[in-house]
Each structure stands twice: as structure tokens, then as C-alpha cells.
Amino acid sequence: MKPEEIHQKWQESNVFTAPEYPETAQKRYVLDMFPYPSAQGLHVGHPEGYTATDIFARYLRMKGKSVLHPMGWDAFGLPAENYAIKTGVHPDTSTHDNINNFRRQIQSLGFSYDWSREVDTSSPEYYRWTQWMFLQMYKHGLAYRKKAKVNWCNTCQTVLANEQVEDGLCERSKDPVVQKDLEQWFFKITDYADQLLNDLDTIDWPERIKLMQRNWIGKKEGVTVAHTVADMDITLNTFSAYAAWLFADTFIVIAPEHPAVAELVKGTEYEKEVMEFVSQMKNRSTAERGDADKEKLGVFTGRYAIDPLNPESRMPIWLANFALMDFGTGVIRCSAHDVRDYEFAQKYQIATREVVSRTETSMPVNAHENSGVLTDSGPFTGCSINAALISEMIDWMVAQGIAERTTTYRLRDWLISRQRYWGAPIPVVYDPEGNIHAVKEEYLPLLLPTDVDYRPKGTSPLGSSESYKALAEKLYGKGWHFEIDTMDTFVCSSWYYLRYCDPNNTKEFASQESLKVWLPVDMYVGGAEHAVLHLLYARFFHKALQDFGLIPKSVGREPFKALRNQGMILGPDHQKMSKSRGNVINPDEVVNQYGADTLRMYEMFMGPFDEVKPWDTASIKGIKKFLDRVSAIVREAVAAGKEKHQLESRGIHALIQGVQRDIEAFRFNTAISKMMIYLNDADFVKDGMYDMHALKKFVAVLSVFAPFTCEELWFEMGESGLVAQAAWPEFDPALAEKAEVTMAVQINGKTRATFVIAKDASQDDAQTQALTLSETKKWTEGKQIKKVIVVPNKIVNVIVA
RNA sequence: GCCGACGUGGUGAAAUUGGUAUACACGCCAGCCUUAGGAGCUGGUGGGGCAACCCUUGAGAGUUCGAGUCUCUCCGUCGGCACCA
């Protein structure tokens, strides 16, 4: 049978179609992160995750679960647009060519997707609801427009979210990101910072990903201290996360962008120098600003702040390049107990003092070590620094009216507008006075116009569309115009898992019943690179939509109950695969040479699912050989036509138990090795007689890994149905256990011999048998046995003097 | 700098609660089959040693009858964050 024929049988029998209304207890939603359909086609990394979820989904189906296992396309995005700029081919055309290629490749691998639920984020049927989601955010005050310093990539000619900036570089183009003051649209994800942080404790995700999200949210508790500027009506608030050293602070630095700077120096002799410094710091790239090794730069404002902890003391106020406006308050109390502050003070000869007595250390500065005894710290002089003391100090400062307990977060609001063409248009219209109005829901989808010049020019391409202008005036009146920015593609992917529940609904993004039935996603699989992008945004969407009453409360606060990350597959040279290195493996070629089953199994056999592992072209043969041997043995058994009618062999029960356990734990590599061992041991054949029952069970188990081969063998073994529809074979735990075990004899902890004994034999029996072995005698002869330790079924350790 | 993960043969890697280290596969070696094989099959394969034996999970120490697994120190690789107050 050709793979296409098998594929057709699956299609015809609707095996993979998810039921409309499954029993809640029986439903399982198994989801892959949907791909961006790139022109390069499928990468070997895609089938790694897809095979894992396919094995999982097929296994659950055979176990009698109602499985939703869909696939779709994250189809908006820059590459198609850049390709259009280069070639003139419309993004819609190239995207759909790519989708067709991806679908063909994915189908050739035999994944059990329910294709009736396919979604495409670039289709008006889909982005209509993306726009609708935007309107919900807007209505509930979670979408807003504001002028702000934003990340701008000159190559991509668009703004970027904080999450899309890596080391000050654009994650796409790898070019430096610059700061620009622009009016942009934001989603208020910061409203959900605490929930996004706390609810991490409720989900089964890799700890590594949870940690990355925790760090990204960056919740920090500390105190805010207000300072009056001497002889002025200005108050400067500082944030401090390390309250123990507040008494050490002797000066204050302020971010160049701080709104109070101009007023501080207005009309003074310092004004010129300070304002020059401000303009120098402006328009520096994030990378430049953020380089920790860079020299600290500052300028004195000529002003002093009154230290509320020490009202006689005057703290000089400086501007410093390392003070960041978007962290804390933009103003820092500085002391000698911070490496950075100390370096700055040294450079500019600012007086410092130490308030921690240390013994045996020459290091004068260390801000993060909560130890030592305080000196010169008001009522706390002489106290040892520890968590309780810090808390006490804060209480005291709060009582004195010096400080307030405050919390800051690293997380910023999500910048979602983009000055690009190939995305969902933001459904907002401006009246002639420039006031913002939400586009009426009945006008959705607000179609992406086609009469657009999408060559980059720093403004949004939609601005060049005559039809878009005309449409706004037609719908709203003269002088009205639509927002010309489009949405970040991460908005589209933040809710696609909801659409799969009810993908063809034209009245709602999904019916409440369908959401109630399928949510949450039980198993979500994809790469770790989305840790603080998609995976954070989707969680925010879920919570916000649920708060709007659009997602049933019964499904819980989290969209993805369990998450597993696939490890990256490196090239055969142990390097990251890339065109320039020429080490890219094309899955199509592997399928042509060895077949889809071999590719699937090889990728699962390479190593632990979540670890980085190199491709080894030679090793694939091992899998191919294994599958060929399975086929040969089954055919041999069928041809022999003899069935052994006796007690079932033990091996198959142990195998089913082991593989089942491994699949549930995502340990596919060891599951496959167990199947290989089973085949090598061949306990299903004896004296030319075959245990066909065992062989059938074996094929059923293997079918979730190698569906094409097993579908064919299933048929050849005389089964009329599809193995995809067969039940997962049951195992008998009693039969799975061996009657005998091999125990090791250790002399002083070194293994010297082994012996076979009945399972669960008594300790006395095991000891007696161990001591009578000639090997044991040889090592104990002439020595005194001091002690014998027996670990049932494992070891007898004889301690001799 | 801070946080986290990892380190086992020539290679990818196995190893329930601490209990026979190197399963399974690749590669390599030998043999069989073959006109031939980049096919298939069988056997061998951690290192040292003629052998008895000895050594071996990045290095070193510790706990234990027993450590790849637990604790500490160090080294290395990878990932995240980073003038974050």
C-alpha cells in the first residue's frame, strides 16, 4: 500500500475528526504551536514536535479518549512582505503557496490532524475575530494609544515589542534597535502582571520556562522614598529594593529623560551643560545605553535633595547615563554599597559612606549581600542584617512617614502596532479632529486593502491605499480615516487555540459550548523560543477574555495546562542549522529516501525530547532496519500461518506497560529502545510457532510511532479495520513481571558475581544462595564476614574484614 | 555580574526510591552470503594488562555497606536576564 492510499483511508473513515460534543472527562486537547509557513518549507525541527504530539494523540485515541488535534497557519508576518517588496508577488499569493507546500509536507508525515479545523490567521474569516478581540480590549480599557519611547528597527521599518528586542538587536533582522518617540497602540498586559506571575504555580510547564516568565515579569518589592529638592518645589521619588542600606546613601542620580530635569536647572549656571548631556543621551540605541561595561557618565545639576533619613544632610543630584526612566521611578538613591554607584562616585569625587562593618574583607562595596552589622544607621546601628531586620526597618520608615512599601515590575505594556502591511488592520477610525473611535463591529472584517504600495518608507503602507481612505469616508463621513498600522502577528497567535474549538463559526469567534468542552489545552508542544513572547501573550489573552465574560469560567484561568518543549536539532556538525553553513537537513529528502515512519521514529529516537541534539545521517539506518525487520517478521509469521495457542508470552505485557509509561512521560527515545529490545528478544516465536496475539499487540503499540508501516501490517495480519481505530492493547501487570530475577553479589561494595533466584525470594534465601557461590567463597575465603546487606531482588552485599 | 540547566564509550545516548554503569542505536572489527556491495545475516566491541586482576560517569573531597544519582568546592558547555536602583 502506498502512503497516499493509507492517507486516503484515514480521511475516508474520519478517524482523526474530533467529535462535536465529547464527554468532558474523556476530552483531550493536544496542540502544536502552529507554524509560520515560510518559503523554505518544513524544517526537521517541525516534525520533532509534531511527531511527539501525534504519538500522544494517537495513543490517547486508542485509549478511547476524544481527541482534538488541529493544525493551522500563523500566516501573517514580515518574510512574505519582504519577499513581495523584492519580487512584486503579493504576500497573499506567496503565503498560500507556502501553506500548500507546508500542508503537503505535513500530510506526508502521517500526522493525525483534524484537517476540518484548519485555521489561517491571514484569512478574513480569521482576522475578523482578531480585530474583534482588539475591540474587546479597547472597550475594556486594555488597548490604548500613547506617545512613548519605543523600539524602532530601521531594517524592518517598524516598531517592535520589548519581547522582540534581544541584546538591543531586532530579533528578526539582528540590526540595532533605536529609540523613537512615536504614537503607538499598546495592550495593558501590566494589569495582569501579578496573575501572570502567580498562576504559573498552577500549570505543568517546564520549570525553565516558568522561571523565564517570572524573570521577565520581574516583580520586585521595595520602598519608595520621597525627597524634597532644597530651595525648590520639586519632589523626587526614588525606588529601592535593598532597604538595609538606605542610611548609606549620600547622593542621588536621575535619568536624563526625567521630566523634572529641565526645571531643576532652569536659569542656573548648570543648565547648558546638563541640557547638552540630555540631548547626547537621547537617540542612543538600546544596545549602546544598555552596555554594562560602558563608562559611567554623569553631570551635576547644582541641586541638592534633602535626605528624609537624615534631614541635615544634603544629597547632590546628578544626571547619569545608567539611570533608566522605565525602571522604578527614574531616580536612584546611591551609596558606596553598590558596585555601580560606587564606581560613579569615585569617578566624580562624590562623598560616600559605609554603614556595614565587615571583618576580613577589603571589598568596600557589595549591594546584594544581606549580611554584616549596620553602623551609622540611625536606630538600627549595631543590628545584624537579615530579612527580619529589613522588614523591621521598612516598618519603621513607613511609620516615620519616610517611605512607602512599593512594588515594581520589569514587564512593560505590550506594543502591538506595526508599520507594516501584511498583518491584521487595527479596527480604529479617527474623526476629522483626530479623536479615536472603535470601528463598528458590523463593519468587520475590516479588509486589508490590496491597492497598497508596501515598499518601506517609515510610515505604514496602508496609508498609501486610496480604497482604504475612500472606505473610511464612505462609512463614517468626510475627513474620517482609518488607523493605518497593523497588528503584531503575536496578537493573531494569542487566541488561535480558541478558534480551533469552533473554527467555522461565523457568528462568534467560538461558541461558549465548544470552549467549555475543549478548553483548556491539555498538552501543548513547541519550541522554548516563545517563552516570553507567545506563551506570555496567550496567557494574558486568556485571562483578559475570561474577565470580559468571553471564555467560560469553568475552564480555568490558564490556556495551556501542560507544556513540553522540544529541544533544538543541530546539524550533523553539531552547529545550528543554517543555509550559510550548508548543514540544513530537508525532511522531504529523508522521507523520499527512508519513508515517513523512519523520519518520525528517528527524530524520536535521537535523544531526550527536550534536549538539544545533533542530526546524524548515518544513525537513521538503524531505524529503517528495525522497521524492515518488523515487517519481515510479521510477514514470516503470516506466511507460516501457525498460531501458538498457549499462555501469552510475558514480553509483550512488559512492553506495553513500558511504552505506555514512556509515552505519557514524553520519553519517546526509551519507548523505541524497548520496542527494539522486544524484537531482538523475539519471545513471540518458538520452534517455528508464532504468537500472533502478541505480534498484533506489538504492531498496535508501534502504530502510534510508525503509522504507515503498521497500518499495512495490520491489514496483512487479517484485520479488517484500521489500526488507527484499534484499541490500545491492555497489559496484565502480573504477567509483565518476571518470575525470576538476577541478583548481584557484592564484596565490600564491588560486584563479584550474579545469581538467578525466584522473584521476591526471602532475604535469608538470597543470602544463603549468594554465600554458597564459588565466586563468593573465593573472595571471602580466610576473611571474617562482618555483615551482609540484602536488598530484595537487587543485591547481596557481603562486608568482610 | 546574577539566575538556571547540563557534563557518562569513537558518536547519539540508557540507568523507579542511592543498589549489577555503559541498555538501545550508530560507528568500528571479524566472519558468513554474494560476480559485486554503500545490501543482508552472525559474533565481538569502555580503558589498561599475557593473565589473575586493576581502573572508569568533567576534577577533587564528603555522607553511605553501596554514589552517574545526595552534599560541598572547583573547572567546562549551553540557555535566560543584565548599568534594574
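Naming convention: chains lettered A, B, ... in sequence-line order (proteins, then strands); numbering from 1 in each chain.
Residues A:Tyr602 and A:Asp326 each lie close to RNA chain B; by heavy-atom proximity, the contact nearer the 5' end of the strand is made by A:Tyr602. If you find the closest nucleotide of RNA chain B to A:Glu611 and to A:Phe239, the one lying nearer the 5' end belongs to A:Glu611.
Here the two rings, on A:Tyr348 and A:Phe300, have centers that are 6.0 Å apart or farther. The aromatic ring centres of A:Phe684 and A:Phe698 sit 6.0 Å or more apart. Separation of the A:Trp414 and A:Tyr537 ring centroids falls under the 6.0 Å cut-off.
Base-pairing analysis of RNA chain B finds the following stems of at least three consecutive Watson-Crick or G-U pairs, with both pairing distances under 3.5 Å: B:1-7 with B:75-81, B:10-12 with B:24-26, B:27-32 with B:40-45, B:46-48 with B:53-55, B:58-62 with B:70-74.
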Give the B/S/- string for nucleotides 18-28 of chain B, one per nucleotide from 5' to 3', where a protein heavy atom under 4.0 Å of the base yields B, of only the sugar-phosphate yields S, and otherwise -.
-BBS-BBSSS-
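The A:Lys750 side chain lies nearest to B:C55 when the options are B:C54, B:C55, B:C84. Taking the side chain of A:Ile799 as heavy atoms from C-beta on, and the options B:C83, B:C65, B:G12, the nearest nucleotide is B:C65.
With hydrogens and angles left out, the side-chain atoms of A:Asp616 and A:Tyr602 include no donor and acceptor closer than 3.5 Å. Using modelled atom types and a 3.5 Å distance limit, the side chains of A:Asn162 and A:Arg410 yield no donor-acceptor pair. A donor and an acceptor atom, one from each side chain of A:Asn310 and A:Ser313, are nowhere located under 3.5 Å apart. Side-chain contact annotation: A:Asn583 with A:Asp573, donor-acceptor N/O pair under 3.5 Å present.
Residue contacts for A:Arg208: at a heavy-atom cut-off of 4.0 Å it reaches no nucleic acid atom on any strand shown. Residue A:Gly330 is in base contact, counting any heavy-atom pair closer than 4.0 Å across all strands shown. Residue contacts for A:Arg752: at a heavy-atom cut-off of 4.0 Å it reaches the sugar-phosphate backbone alone, with no base atom in range. Among the heavy atoms of the strands lying under 4.0 Å from A:Val612 are primed sugar atoms or P, OP1, OP2 only; no base atom is included.
For B:G9, the O4'-C1' to base torsion is within 90° of 0; the nucleotide is therefore syn.
Here, B:G80 and B:G27 have their C1' atoms 36 Å apart, quoted to the whole Å. Spacing between B:U17 and B:A82 at atom P, rounded to whole Å, works out to 36 Å. For B:G48 and B:U63, the P atoms lie 33 Å apart once the distance is rounded to whole Å. B:U69 and B:A52: their P atoms are spaced 30 Å apart (whole Å). Spacing of C1' atoms, B:A67 relative to B:C28, comes out at 32 Å, to the nearest Å. Separation of the P atoms belonging to B:A23 and B:C78 is 29 Å when rounded to the nearest angstrom. B:U57 and B:G9 are spaced 10 Å apart, taking the C1' atom of each and rounding to whole Å. Distance check on atom C1': B:U56 versus B:G46 gives 8 Å, rounded to whole Å.
A:Thr408 places a side-chain heavy atom less than 4.5 Å from the side chain of A:Phe327. Looking at heavy atoms from C-beta onward, A:His337 lies out of side-chain contact with A:Tyr342 at the 4.5 angstrom threshold.
When the P atom of B:C78 is taken as reference, atom NZ of A:Lys576 falls 13 Å away, rounded to whole Å. Taking atom CE of A:Met601 as the reference point, atom C1' of B:G12 lies 16 Å away to the nearest angstrom. Rounded to an integer number of Å, the gap from A:Asn565 CG to B:G80 P is 13 Å. Summarising the geometry, the separation between CD on A:Glu207 and P on B:C6 is reported as 12 Å, rounded to the nearest angstrom. When the P atom of B:U77 is taken as reference, atom CG of A:Leu570 falls 16 Å away, rounded to whole Å. What separates CG of A:Leu533 from P of B:G80 is a distance of 12 Å, to the nearest Å. Between the P atom of B:G12 and the CD atom of A:Glu48 lies a distance of 16 Å, rounded to the nearest Å. In this entry the distance linking CH2 of A:Trp779 with P of B:A52 reads 11 Å, nearest Å.
The side chain of A:Arg667 contributes no N or O atom lying less than 4.0 Å from OP1 or OP2 of B:A13. Checking the phosphate oxygens (OP1, OP2) of B:G12, a side-chain nitrogen or oxygen of A:His574 falls inside 4.0 Å. Between A:Arg410 and the phosphate of B:A82, there is a side-chain N or O to OP1/OP2 separation shorter than 4.0 Å.
Side-chain atoms of A:Gln213 come within 3.5 Å of backbone atoms of A:Ala531 as a donor-acceptor pair (strictly under, hydrogens ignored). At distances below 3.5 Å, at least one donor-acceptor pair connects side-chain atoms of A:Arg539 with backbone N or O atoms of A:Leu196.
For residues 780-801 of chain A, the set of pairs meeting the side-chain hydrogen bond (donor to acceptor under 3.5 Å, both in side chains) definition, not counting sequence neighbours, comprises A:Asp760-A:Asn793.
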